[in-house]
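Heavy-atom basis, side chains included; hydrogens, waters and symmetry copies ignored. Counting starts at 1 for both ligands and their atoms, following the listed order.
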Amino acid sequence: MIISASTDYRAAAKAKLPPFLFHYIDGGSYNEHTLKRNTEDLSDIALRQRVLKNMADLSLETELFGEKLAMPIALAPVGLTGMYARRGEVQAAKAAENKGIPFTMSTVSVCPIEEVAPAINRPMWFQLYVLKDRGFMRNVLKRAKAAGVTTLVFTVDMPVPGARYRDMRSGMSGPNAAMRRVFQSMRHPSWALDVGVLGKPHDLGNISTYRGEPTKLEDYIGWLGTNFDPSISWKDLEWIRDFWDGPMVIKGILDTEDAKDAVRFGADGIVVSNHGGRQLDGVLSTARALPDIADAVKGDLKIMVDSGIRTGLDVVRMLALGADCTLLGRSFIYALAAQGQAGVENLLDLYNKEMRVAMTLTGAKTIADLNHESLVKIG
Ligand SMILES: Cc1cc2nc3c(=O)[nH]c(=O)nc-3n(C[C@H](O)[C@H](O)[C@H](O)COP(=O)(O)O)c2cc1C
């Protein structure tokens, strides 16, 4: 397949991956309304075309928590990344490093921190879930610090996992899931060899290292189900502060009042996110939620946003709506699944080009120039 646009990678990933994995990435919760609204609301936002403004020396660079970013993009934490490409977390982290942006490692990664951090020269970010096993949380924070992690991304929108009906239909879970996964893998031999055979071990590396025994993919759903903590509150975040003195970002904010609480807590940043439509179906798209949140807390902390971003134009739209930086989820995972590290690097080049065109034609020379004036109000 010839890739000429950032959005081409979804079809390429679909062709490469066994269906249970493709749909695990691609799907959302319940009837997937929020998943759909995330992309639709974003693409409905009209950019304001401006011309003849001498845009020769345009810059995409920005700074976040004392770190230089080549463009206002970071790779979002995505669980099981090492199942979509061989040792996928390492490949994605290298691509991010080469393109000058941060990689965020998920708690539930295949590769452990100790495998990814030494493979790159740029400090990575680490995402943590609140889990019942506080010993694990302490252990993983200590290891993250020892590995040179700078920024902690604390995901708070998963006190319980949202039901993903697509996973039950596709064979990720549900009846005869293990057998269906084997049959699907046999019909995708290039994935089966590259990841299924050569990409082992397939376990949750961060958790296996802590427990001292392998945690298999089959254990993944069960482990998540029993370890998520519905009793989580802001108090638990104070507990984390005792173990983490670096920048702390709260991921999963969708409401102005919660954003203000994050400021009161002393967070360094938030990620406005509905987990890519994978948690509570029916909540606002992030493109709709972001402007009010930005009005309430812009300048008090860094505002990042994800969910539905598929092109460089979407990044520009989110910045114009008030974000300081964006996170790519599925977009980079499709590229990684299709073409590994080279795919993610190419994707980031495409984003860079798309952003340059959008900024040139909206008259924004720097990231700071993008604001509501870069958009046209319709209706
Ligand atoms: C397959 C998959 C796994 C994910 N795993 C995690 C995770 O482990 N931790 C987390 O905080 N967010 C996780 N997310 C959510 C992403 O970090 C991000 O919020 C979301 O993908 C953004 O939406 P988008 O995919 O539409 O860009 C996951 C998303 C996907 C698609």
Side-chain angles (χ1 to χ4, degrees), residues 6-7 9-10 13 17 20-29 32 34-43 73-85 88-89 92 102-111 125-131 140 151-159 161-162 164 166-167 170 172 204-207 217 220-221 223-224 227-228 249-254 270-281 283 285-287 289-290 304-311 314-315 317-318 323 325-337 347 351:
S6 42
T7 43
Y9 279 110
R10 181 177 177 274
L17 291 171
F20 76 92
L21 282 179
F22 174 75
H23 289 294
Y24 175 67
I25 298 164
D26 197 61
S29 57
E32 304 188 339
T34 298
L35 172 73
K36 202 159 153 253
R37 296 264 30 118
N38 278 340
T39 48
E40 288 181 356
D41 287 349
L42 195 46
S43 57
I73 293 176
L75 300 188
V78 172
L80 298 182
T81 293
M83 293 307 295
Y84 320 135
E89 289 87 1
F103 165 77
T104 315
M105 167 176 262
S106 160
T107 305
V108 287
S109 290
V110 170
C111 301
W125 295 2
F126 186 78
Q127 175 265 324
L128 188 62
Y129 281 121
V130 186
L131 300 168
V140 86
T151 299
L152 181 68
V153 177
F154 206 76
T155 299
V156 294
D157 60 1
M158 221 197 230
R164 316 248 172 89
R166 235 209 260 197
D167 287 348
S170 70
M172 182 71 176
L204 301 177
N206 291 322
I207 295 147
L217 178 57
Y220 174 61
I221 305 284
W223 188 84
L224 283 186
N227 241 306
F228 279 109
V249 173
I250 315 290
K251 176 171 180 279
I253 298 287
L254 207 59
I270 53 173
V271 183
V272 176
S273 175
N274 53 38
H275 218 100
R278 296 164 76 79
Q279 279 297 92
L280 181 57
D281 196 25
V283 295
S285 67
T286 50
L290 175 60
M304 286 175 264
V305 65
D306 70 17
S307 302
I309 298 167
R310 300 289 179 267
T311 69
D314 291 340
V315 172
R317 288 181 171 111
M318 287 298 202
C325 186
T326 59
L327 262 56
L328 304 185
R330 292 180 183 86
S331 180
F332 97 83
I333 288 294
Y334 295 142
L336 181 75
L347 177 86
Y351 267 76

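Interface of Arg310 with ligand 1, defined as ligand atoms under 4.0 Å from a residue heavy atom, comprises 24 (P), 26 (O), 27 (O). Listed by number with element, the atoms of ligand 1 under 4.0 angstrom from any heavy atom of Ile25 are 1 (C), 31 (C). Each of the atoms 7 (C), 8 (O) of ligand 1 lies under 4.0 Å from some heavy atom of Ser106. Heavy-atom proximity to Arg278, at under 4.0 Å, picks out these atoms of ligand 1: 1 (C), 2 (C), 3 (C), 29 (C), 30 (C), 31 (C). The distance from ligand 1 to the heavy atoms of Val108 drops below 4.0 Å at these ligand atoms: 8 (O). Residue-ligand proximity, Gly79 to ligand 1, at heavy-atom distances under 4.0 Å covers atoms 3 (C), 4 (C), 5 (N), 6 (C), 7 (C), 8 (O). Close approach to Thr155 involves these atoms of ligand 1, each under 4.0 Å from a residue heavy atom: 10 (C), 11 (O). The ligand atoms of ligand 1 that sit less than 4.0 angstrom from a heavy atom of Ser273 are 19 (O).
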Please assess Thr104 against Lys251 for the test side-chain contact (heavy atoms from CB on, under 4.5 Å), listing each intermediate value before the final yes or no.
CA-CA 12 Å; Thr104 315; Lys251 176 171 180 279; over 6 Å; no

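Remark: distances from the non-hydrogen atoms of Tyr84 to ligand 1 include one below 4.0 Å. Between Pro77 and ligand 1 there is a heavy-atom distance shorter than 4.0 Å.
Residue Ser307 touches ligand 1 through backbone and side chain together, judged by heavy-atom distances below 4.0 Å. Of all the heavy atoms of Phe154, none lies under 4.0 Å from any atom of ligand 1, so neither backbone nor side chain is involved. At a heavy-atom distance under 4.0 Å, only side-chain atoms of Gln127, from C-beta outward, approach ligand 1. Neither the backbone nor the side chain of Met158 has any atom closer than 4.0 Å to an atom of ligand 1 (non-hydrogen atoms only). Of all the heavy atoms of Val78, the ones lying under 4.0 Å from any atom of ligand 1 are found in both the backbone and the side chain.
Between the side chains of Gln127 and Thr155, a donor-acceptor pair is found at a separation under 3.5 Å. In this model, no donor atom of one side chain and acceptor atom of the other lie less than 3.5 Å apart for Ser29 and Asp281.
Ser307 places no side-chain N or O within donor-acceptor distance of the main-chain N or O of Thr286, the cut-off being under 3.5 Å. Remark: side-chain polar atoms of Gln279 are paired, donor with acceptor, to backbone N or O of Gly162 under 3.5 angstrom. At least one donor-acceptor pair under 3.5 Å links the side chain of Asp314 to the backbone N or O of Arg310. Within the 3.5 Å criterion, the main-chain N or O of Gly308 finds no donor-acceptor partner in the side chain of Thr39. Between the side chain of Ser6 and the backbone N or O of Leu347 there is no donor-acceptor pair closer than 3.5 Å.
When the heavy-atom distances from atom 23 (O) of ligand 1 to Gly276, Gly27, Gly277 are ranked, the shortest goes to Gly276. Nearest residue to atom 18 (C) of ligand 1 from Asp306, Leu327, Ile333, Asp26 is Asp306 (criterion: closest heavy atom). The nearest non-hydrogen atom to atom 24 (P) of ligand 1, considering only Arg330, Met105, Met83, comes from Arg330.
Looking at Arg37 and Asp41, a side-chain N of the basic residue comes within less than 4.0 Å of a carboxylate O on the acidic one, giving a salt bridge.
Stacking of Arg278 on the aromatic ring of Tyr24 is recorded, both the 6.0 Å distance cut-off and the 45° axial limit being met.
Closest heavy-atom contact between Ala92 and Phe332: CB-CE1, 3.7 Å.
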